[in-house]
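Reviewing the structure listed below.
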There are 2 protein chains.
Amino acid sequence: MDKRATIKDVAEAAGVGVATVSRVLSGGSASPQTRERVLAVAAQLDYRPSALGRNLRQRRTGGMGLLVPDLTDTFHAQLAEGVLACARAAGEPVVLGSTGGDPEQESELIGMLLEQSVDRLIAVPSGDEDTWAPAIRAGMTVVFADRLPARPSSDEDDDPAARAVNDLMLLDGVPAGARPRGLDVPSEVADDRAGIRTAVRYLRGLGHRRIAFLGGPGHDRRAAAFGAAVGAPVDEELVVFATGSRDSAYAAASGLFQSRPDLSAVVAGGNVLGVAAVLAARELDLRVPRDVSLVMYDDVPWAELCSPPLTVIAQPGRDMGYRAAELVLRSGGRRPRGAVLPTELIIRGSCGPHRP
Amino acid sequence: MDKRATIKDVAEAAGVGVATVSRVLSGGSASPQTRERVLAVAAQLDYRPSALGRNLRQRRTGGMGLLVPDLTDTFHAQLAEGVLACARAAGEPVVLGSTGGDPEQESELIGMLLEQSVDRLIAVPSGDEDTWAPAIRAGMTVVFADRLPARPSSDEDDDPAARAVNDLMLLDGVPAGARPRGLDVPSEVADDRAGIRTAVRYLRGLGHRRIAFLGGPGHDRRAAAFGAAVGAPVDEELVVFATGSRDSAYAAASGLFQSRPDLSAVVAGGNVLGVAAVLAARELDLRVPRDVSLVMYDDVPWAELCSPPLTVIAQPGRDMGYRAAELVLRSGGRRPRGAVLPTELIIRGSCGPHRP
DNA sequence: CTGAAAGCGCTAACAG
DNA sequence: CTGTTAGCGCTTTCAG
């Protein structure tokens, strides 16, 4: 009752060799006669092939790893649900890790996955390309979701021109592999350029001129898109970044509102920043949308909870995860580049006309 | 560059036997001299022991499985983060599965974990004890979190008296193992009896008499606690259950408000039901808290987003997950029974005095 | 079409 | 203290 039947048990009970059992169970050739008998015995013994044996033999674990910064960020949870749905359909296990947005923890988790011989990995990356190079080199099939790793800081400083080019390509969703010295990794990301542009245009149409962007780690593409959407010259003070924690997000939002009372609208780069903005505004007695209009990235179930309900830039988190999983599973054939998924501006009640 | 070094490589390079390498790396005895050499070579070769080999040898996979109904339920995400934090600290992998609240999918995932020889499992169960018996029988170490599996339906129907007793014991957090014919599984759950009682008393103190309970799958204990808190006779119409989807939650809330316009307060058994209640109330032009007071289970980051901010029964989701992981990892020694964790009523703005 | 045999990388006896 | 050896359960040549 405690120990499971092995392939050997089945072979003996069916009066065949283990190889035959293996073939039958993995769809190899066998006479209908034998096949039936083996299948019957296997069912009878409630035999389940051990992934352990198979994995060792094939020198790789099936399934995939999934690394996200923080599951309590509802968007990441949606993405994870998508990955899990695809994995479940494929009968494959998913090894999950939460990095807390910390490149170091990310590295450690990659190491752990390597140790487990998990050679397929979906990640919402926190570290830069240097963090990810080892994983690629180790032969892992990785797919990035939601965002791409930043370029190593040394490059940024050394070569601002290259960085600018890179940012532009980033915006267009050009895969890193096509970028100079980048990683060759497919990815599933949202069309941030279009998403942000639509939002900014919408706010402009409402009469807003001083629009701020409130971002978090990994929102560089969105910030760049914001810059492009508002057009030069960008008021740098209106682009602020938090560091990842909810407290930091709140502080950043609060600081923004206080230092720039002239702003009339803000675009939050993610749902965590969105709630931070609402809370900070409320604390400062700024009414949404009367005093300040707000558009938040991510359509989450509780966006409507706010009154008025939040206008959002929806991105298909679940699809993104599902597609990333499909991609990483198809590592056999030609590797598609991944895709840039559409966003949608869902207008609810958190934006109003500019009141001078 | 592509293939990793094996223990054999290290042994050869260090001029020792593989057993010695194994010993050194797992803290066995070895002369300082040898130990140092082995360590040096291992580092030099960037050797990482393969979990595959070890697992097969030990006929078990390290780490643990984690099964939750739905990650986009923020409480489950918090719980998962707790589990991941503990696992990360222990360097153990976590295989995650999302059941969608469906016992059948749950069974399949258990089967998948069995196939992977993952013999430690933390679960927020959806199926009843019959669903879980196979896992236990198979020798898995399981720990339940947040809730316990329901008793099989046959028992319920056959023996209402036993069911009543069981409910009471459930309320007191008596582990299933101590209940007649129950599963012997440790668990980490919140003190629902106290949590609900505190909330009901609070509402009573505000003058509310017609208080409803809005529950979802797995909220039986909370419903029972609610019954106990309001005292007999319980108005059965004021206790309603949704089936798991957000739509169902909304429908249940909406139906409740419409069928019983006399109710003045509702206790939502989880955050999903909480937002459903807010949305349904808003749709029916019921103001919170003027027309209806609301207390929601789960303190989530966005509870304050609502205006007024939601009064909640907080339960330590992260701790719950962390503790469950500790418990399942300590499967070697004596197995503690788990614990009933405290809840806290956090009063914000969604409850007001009863206005007749 | 089928069986025997050789390992995958590792640990746990068992000798030396 | 250390090396040799025997598998863990499975897939995959390679003969038959």
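Residue numbers start from 1 in every chain, and the chains themselves are labelled A, B, ... in the order their sequence lines are given, proteins ahead of strands.
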Please tell me if the side chains of [X] and [Y] come closer than 4.5 Å, counting only heavy atoms from C-beta onward.
X        : Y        : value
A:Ile122 : A:Val94  : no
B:Val95  : B:Leu113 : yes
A:Pro69  : A:His76  : yes
A:Val16  : A:Arg37  : yes
B:Met112 : A:Arg48  : no
B:Tyr322 : B:Glu81  : no

Rounded to the nearest Å, what distance is computed from the [atom1] atom of residue [X] to the [atom2] atom of nucleotide [N]?
X        : N      : atom1 : atom2 : value
B:Lys8   : D:dT4  : NZ    : C1'   : 13 Å
A:Leu52  : D:dG7  : CG    : P     : 18 Å
A:Leu25  : D:dC10 : CG    : P     : 9 Å
B:Arg48  : C:dC10 : CZ    : C1'   : 16 Å
A:Arg60  : D:dC10 : CZ    : P     : 17 Å
A:Asp119 : C:dC8  : CG    : P     : 18 Å
A:Arg4   : D:dC8  : CZ    : P     : 15 Å
B:Asn55  : C:dT11 : CG    : C1'   : 12 Å

Classify the nucleic acid contact of [X] as base, sugar-phosphate or nothing, counting any heavy atom under 4.0 Å across all strands shown.
X       : value
B:Ser26 : nothing
A:Gly53 : base
B:Ser31 : sugar-phosphate
B:Ala19 : base
A:Ile7  : base
A:Leu56 : base

Selected nucleotide, minimal atom distance to [X] side chain, candidates [options]:
X       : options                : answer
B:Arg57 : D:dT2, C:dT11, D:dG9   : C:dT11
A:Val18 : D:dT11, C:dC10, C:dT11 : D:dT11
A:Thr34 : D:dT11, C:dC1, D:dT2   : C:dC1

Quick one: is [X] getting a side-chain N or O under 4.0 Å of the [N] phosphate, OP1 or OP2?
X       : N      : value
B:Ser50 : C:dG9  : no
A:Arg54 : D:dG9  : no
B:Ser22 : C:dT11 : yes

task: May I ask you to verify whether the side chain of A:Arg23 and the base of C:dG3 hold a donor-acceptor pair under 3.5 Å?
output: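 When only heavy-atom distances are counted, A:Arg23 does reach the base of C:dG3 through a donor-acceptor pair under 3.5 Å.
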
